[in-house]
Q: 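Before I ask anything, here is the structure I am working with.
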Amino acid sequence: MKSVIERYNKVKEEHHQLLNPESQVKFWQREAASLRQQLQYLQEYHRQLMGEELSGLSVRDLQNLENQLEMSLKDIRKKKDQIQTDEIKQLNDKGHLIHQENLELYKKVNLIHQENAELRKKVYRTSEANEASRNSHPNHTFNNENDLHVPVCLQLSQPQPDGPTKSMMLG
């Protein structure tokens, strides 16, 4: 309770002093000095964590520094392991999805192959039936043995006057 009252009085006093321009300058000078001191301490601590300027430290300080580094290293390793575990899980899930998609595509390809085979059978049965009907009606069919699916184009033309006595023979 006492410390709370002291802090209150200190803040109240600082606030009251900020009203005076001269006091305000002194306040900011103290604040700047405090920040410089904190920066210097943090830079020194950073150098010690990096393994530099250790000659002025006692054995106990070195042990504390070593313990801090080991704890930090454990936290770093734990975080790295967690990230790698998450990535492995995501990749396994993705691999499983790709495997499922691959199976579905394989089934579709097999189904298409079966449908194609059935269509080929139907086409060959139809062509065999057409061949049989052609053989049974030879007077009315045009047989192109090279390719059954080639269209035949017939055109009418004007008779040519070769001579008045010639007659056409139909075969």
Side-chain angles (χ1 to χ4, degrees), residues 1-131 144-151 153:
M1 181 70 146
K2 194 174 186 180
S3 66
V4 173
I5 294 171
E6 287 175 6
R7 282 189 300 170
Y8 171 75
N9 287 333
K10 183 178 178 185
V11 170
K12 185 178 172 185
E13 192 175 302
E14 286 176 357
H15 179 68
H16 188 50
Q17 288 177 352
L18 288 177
L19 297 177
N20 182 355
E22 193 174 298
S23 299
Q24 194 174 14
V25 170
K26 288 181 183 178
F27 169 77
W28 287 115
Q29 285 175 345
R30 283 193 310 262
E31 196 67 27
S34 173
L35 289 173
R36 268 190 239 105
Q37 188 177 10
Q38 285 179 357
L39 178 63
Q40 186 179 4
Y41 170 76
L42 289 173
Q43 287 174 339
E44 182 180 329
Y45 184 68
H46 179 262
R47 283 191 293 271
Q48 289 173 352
L49 287 175
M50 298 305 291
E52 300 169 4
E53 299 182 17
L54 300 175
S55 60
L57 297 177
S58 67
V59 173
R60 186 173 193 162
D61 291 337
L62 289 172
Q63 286 175 339
N64 288 337
L65 185 61
E66 183 180 17
N67 290 337
Q68 286 177 331
L69 289 171
E70 285 179 7
M71 292 299 288
S72 296
L73 191 57
K74 284 180 185 178
D75 290 341
I76 291 168
R77 286 182 179 145
K78 186 188 295 185
K79 182 66 175 178
K80 181 190 78 169
D81 290 344
Q82 183 63 43
I83 290 172
Q84 287 178 336
T85 303
D86 292 344
E87 286 179 2
I88 288 170
K89 185 179 183 305
Q90 287 175 350
L91 291 173
N92 283 336
D93 291 345
K94 189 175 182 180
H96 180 69
L97 289 174
I98 291 172
H99 180 69
Q100 292 298 323
E101 185 178 338
N102 191 20
L103 289 176
E104 290 175 16
L105 290 173
Y106 182 74
K107 289 177 184 178
K108 286 180 182 179
V109 166
N110 282 338
L111 182 64
I112 290 171
H113 281 297
Q114 289 174 353
E115 290 174 355
N116 284 344
E118 291 173 10
L119 288 173
R120 280 190 202 107
K121 288 178 184 177
K122 287 180 183 179
V123 166
Y124 290 131
R125 278 190 228 137
T126 305
S127 66
E128 287 173 2
N130 288 341
E131 187 70 30
N144 184 358
E145 294 179 9
N146 293 334
D147 193 356
L148 296 175
H149 303 291
V150 173
C153 297

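Index from 1, following the sequence.
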Q: Report yes or no: do Asp86 and Gln82 form a side-chain donor-acceptor pair below 3.5 Å?
A: yes
Q: Taking CD in Glu101 as the centre, count heavy atoms belonging to other residues, nucleotides or ligands within less than 6.0 Å. Is the count above 12?
A: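 At most 12 heavy atoms, drawn from other residues, nucleotides or ligands, come within 6.0 Å of this atom.
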Q: Report yes if the side chains of Lys78 and Lys74 come closer than 4.5 Å at any heavy-atom pair, otherwise no.
A: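 Lys78 does not reach Lys74 side chain to side chain.
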Q: How many angstroms lie between atom CG of Asn67 and atom CG of Leu62, to the nearest 0.5 angstrom?
A: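 Taking CG in Asn67 and CG in Leu62, the distance rounds to 11.0 Å.
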Q: I'd like to know whether CD of Gln100 has more than 12 heavy-atom contacts from other residues, nucleotides or ligands below 6.0 angstrom.
A: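 Above 12, so yes.
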Q: Tell me whether the count of non-hydrogen atoms from other residues, nucleotides or ligands lying under 6.0 Å of CD in Gln40 goes above 12.
A: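 Counting other residues, nucleotides and ligands, CD of Gln40 stays at 12 neighbours or fewer.
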Q: Nearest 0.5 Å, please: how far is NE2 in His46 from CD in Gln43?
A: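 Nearest 0.5 Å value for the CD-NE2 distance: 9.5 Å.
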Q: Nearest 0.5 Å, what's the CD-CD distance between Glu52 and Glu44?
A: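 Here the rounded value is 12.0 Å.
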Q: Looking only at non-hydrogen atoms, find the nearest pair between Gln48 and Leu57 and report the distance.
A: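 In this case the closest contact between Gln48 and Leu57 is NE2-CD2, 3.4 Å.
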Q: Donor-acceptor pair, Ser72 side chain versus Gln68 backbone, under 3.5 Å?
A: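 Yes, the answer is positive, given that a donor and an acceptor are paired below the 3.5 Å cut-off.
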Q: Output, in order, the C-alpha distance, side-chain angles, deciding distance and verdict of side chain to side chain contact (heavy atoms under 4.5 Å, CB included) for Arg77 and Leu73.
A: CA-CA 6 Å; Arg77 286 182 179 145; Leu73 191 57; 3.4 Å; yes
Q: Output yes when Asp75 and Lys79 qualify as a salt bridge under the 4.0 Å nitrogen-oxygen rule, no when they do not.
A: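 A salt bridge is absent here (no side-chain N lies under 4.0 Å from a carboxylate O).
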Q: Look up atom CG in Leu105 and atom CG in Asn110, then write down how far apart they are to the nearest 0.5 Å.
A: 11.0 Å
Q: Can you measure from CD1 (Ile88) to CG (Asp93) and round to the nearest 0.5 angstrom?
A: 12.0 Å
Q: Using the side chain to side chain contact (heavy atoms under 4.5 Å, CB included) rule, take Gln84 and Asp81 through it: C-alpha gap first, then chi angles, then the decisive distance, then the call.
A: CA-CA 5 Å; Gln84 287 178 336; Asp81 290 344; 4.1 Å; yes
Q: First locate atom CG of Leu42, then atom CZ of Arg47, and finally report the distance between them rounded to the nearest 0.5 Å.
A: 10.5 Å
